[in-house]
There are 2 protein chains.
Amino acid sequence: MDLDDVDRHLLELLQSDARLTFSELGRRVSLSAPAVTERVRRLEHRGVITGYSARIDPEKLGRPIQAIVRVRVRSLDGPRFRETILPLPEITDADHVTGDECWQLRVHCRTTAELEQFVERAQRYGETTTSLVFSSPVRGRGLPL
Amino acid sequence: MDLDDVDRHLLELLQSDARLTFSELGRRVSLSAPAVTERVRRLEHRGVITGYSARIDPEKLGRPIQAIVRVRVRSLDGPRFRETILPLPEITDADHVTGDECWQLRVHCRTTAELEQFVERAQRYGETTTSLVFSSPVRGRGLPL
DNA sequence: TATGAAAATTACATGTC
DNA sequence: GACATGTAATTTTCATA
């Protein structure tokens, strides 16, 4: 995926502040704004950059309970699990992984009662293991460039 | 954290595209650009918005191996684990959780050999369980508003 | 590099307590 | 009247052909 040093620099800058203007990016990488715009467009187009998002504190949105729920989904239940569980809005991340606890979900709930209810629903598709998150010292840290 | 409907609307818009201009946000929520700017600044200042970041495809950066590594860190080793493992650049997320597998790490490696090396380093602090990520049907989905 | 658009800043209006 | 929150007008900066 031949990225040159300037591309990598731009990715690094956008990873830490996605709202930097093209002009500002240009200053930081010593290029004109149009040149930067073109590079960023290309990075988007090639799928290197897949989007830009605001990070929001779940607590401030009234969802202080964060948990990681692992589910040993029985193989026949896979499709139904995907259809009914993955769209639930309290899920922010869902990974399909190796091992027999084959799904791993990050959920953000308003209360422990809501978490209990979520786990009960997930349990219809297999055994679950739930860990409450105390803290996340690293969250969405940028990849090295 | 009293957020009104406009705040929620702005958060939703910025969650799905953090590069929208204030003018564009203003159009979408039927408010003037300065009014929107003021609201967004307040949301940032109150810590509701904690930042803006570009999402980048790890594969396109030459890191196709993604894994979730759980570590049963022995309590005395906690501080050293934080100091030496958490800063490793292949980690994008680290959660401290309940249960005896008390740390959960998401790592992105260039090769399985690199993952092996990572796991060996982590193992100095306790037993590990590693799951390779096949796919992540939900990644960083916005919270409901 | 030139243009039209957007951002920052200032001044002023409105509504609520 | 004081405060929060909005609009309007102006200048500077930015996006883009």
Side-chain angles (χ1 to χ4, degrees), chain A residues 1-64 89 108 110 139-143 145, chain B residues 1-58 60-61 139-145:
Chain A
M1 243 307 144
D2 42 85
L3 303 171
D4 66 13
D5 290 351
V6 175
D7 288 328
R8 270 185 277 271
H9 195 172
L10 289 173
L11 290 173
E12 192 170 354
L13 292 167
L14 286 171
Q15 223 170 34
S16 66
D17 183 0
R19 283 183 70 79
L20 288 169
T21 63
F22 291 122
S23 302
E24 183 57 30
L25 290 169
R27 259 171 244 126
R28 309 251 184 122
V29 304
S30 310
L31 236 53
S32 69
V36 164
T37 307
E38 185 50 30
R39 275 174 181 268
V40 172
R41 294 284 172 257
R42 254 202 321 270
L43 289 168
E44 290 168 357
H45 208 251
R46 286 195 285 172
V48 180
I49 296 174
T50 60
Y52 304 93
S53 53
R55 284 189 297 270
I56 296 180
D57 183 342
E59 291 202 29
K60 299 269 164 57
L61 252 47
R63 295 180 176 270
H108 297 265
R110 281 180 269 257
R139 223 30 244 294
R141 183 163 66 195
L143 288 165
L145 294 149
Chain B
M1 244 305 147
D2 43 84
L3 303 171
D4 66 13
D5 291 351
V6 175
D7 289 327
R8 270 184 277 271
H9 195 172
L10 289 172
L11 290 172
E12 194 170 353
L13 292 166
L14 286 170
Q15 223 170 35
S16 65
D17 183 0
R19 285 183 70 78
L20 287 170
T21 63
F22 292 122
S23 303
E24 183 57 31
L25 289 170
R27 260 171 242 128
R28 309 250 186 123
V29 304
S30 309
L31 234 55
S32 68
V36 164
T37 306
E38 185 51 31
R39 275 174 181 268
V40 173
R41 294 281 170 259
R42 261 202 317 271
L43 289 168
E44 291 168 355
H45 206 251
R46 286 195 285 172
V48 181
I49 295 174
T50 60
Y52 305 94
S53 52
R55 284 189 298 270
I56 296 179
D57 182 342
K60 298 270 166 55
L61 251 48
R139 223 30 244 294
R141 182 163 65 194
L143 289 166
L145 294 151

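Side-chain atoms are counted along with the backbone in the values below, which use heavy atoms only and exclude waters and symmetry mates. Below, chains carry the letters A, B, ... as their sequence lines are ordered, and counting in each starts from 1.
Two residues are said to be in side-chain contact when any heavy atoms from C-beta on lie closer than 4.5 Å; Asp7(B) and Arg46(B) meet this criterion. Thr50(B) has its side chain out of reach of Arg139(A): every pair of non-hydrogen atoms, C-beta onward, lies at least 4.5 Å apart.
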Protein proximity profile, nucleotides 6-17 of chain D - base contact B, sugar-phosphate-only contact S, no contact -, cut-off 4.0 Å on heavy atoms: SBB-----SSBB
Please list every donor-acceptor pair under 3.5 Å in which a side-chain atom of residues 17-26 of chain A meets a protein atom from a residue at least two apart or in another chain.
{"unit_1": "Asp17(A)", "atom_1": "OD1", "unit_2": "Arg19(A)", "atom_2": "N", "d": "2.9"}
{"unit_1": "Arg19(A)", "atom_1": "NH1", "unit_2": "Ala18(B)", "atom_2": "O", "d": "2.7"}
{"unit_1": "Arg19(A)", "atom_1": "NH1", "unit_2": "Leu20(B)", "atom_2": "O", "d": "2.7"}
{"unit_1": "Arg19(A)", "atom_1": "NH2", "unit_2": "Leu20(B)", "atom_2": "O", "d": "3.2"}
{"unit_1": "Thr21(A)", "atom_1": "OG1", "unit_2": "Glu24(A)", "atom_2": "N", "d": "3.0"}
{"unit_1": "Glu24(A)", "atom_1": "OE1", "unit_2": "Arg27(A)", "atom_2": "NH1", "d": "2.3"}
{"unit_1": "Glu24(A)", "atom_1": "OE2", "unit_2": "Arg28(A)", "atom_2": "NE", "d": "2.8"}
{"unit_1": "Glu24(A)", "atom_1": "OE2", "unit_2": "Arg28(A)", "atom_2": "NH2", "d": "3.3"}

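Between Glu44(A) and Arg41(A), at least one side-chain nitrogen of the basic residue sits less than 4.0 Å from a carboxylate oxygen of the acidic one, meeting the salt-bridge criterion.
A distance of 10.5 Å separates CG of Leu10(B) from CG of Leu145(B), quoted to the nearest 0.5 Å.
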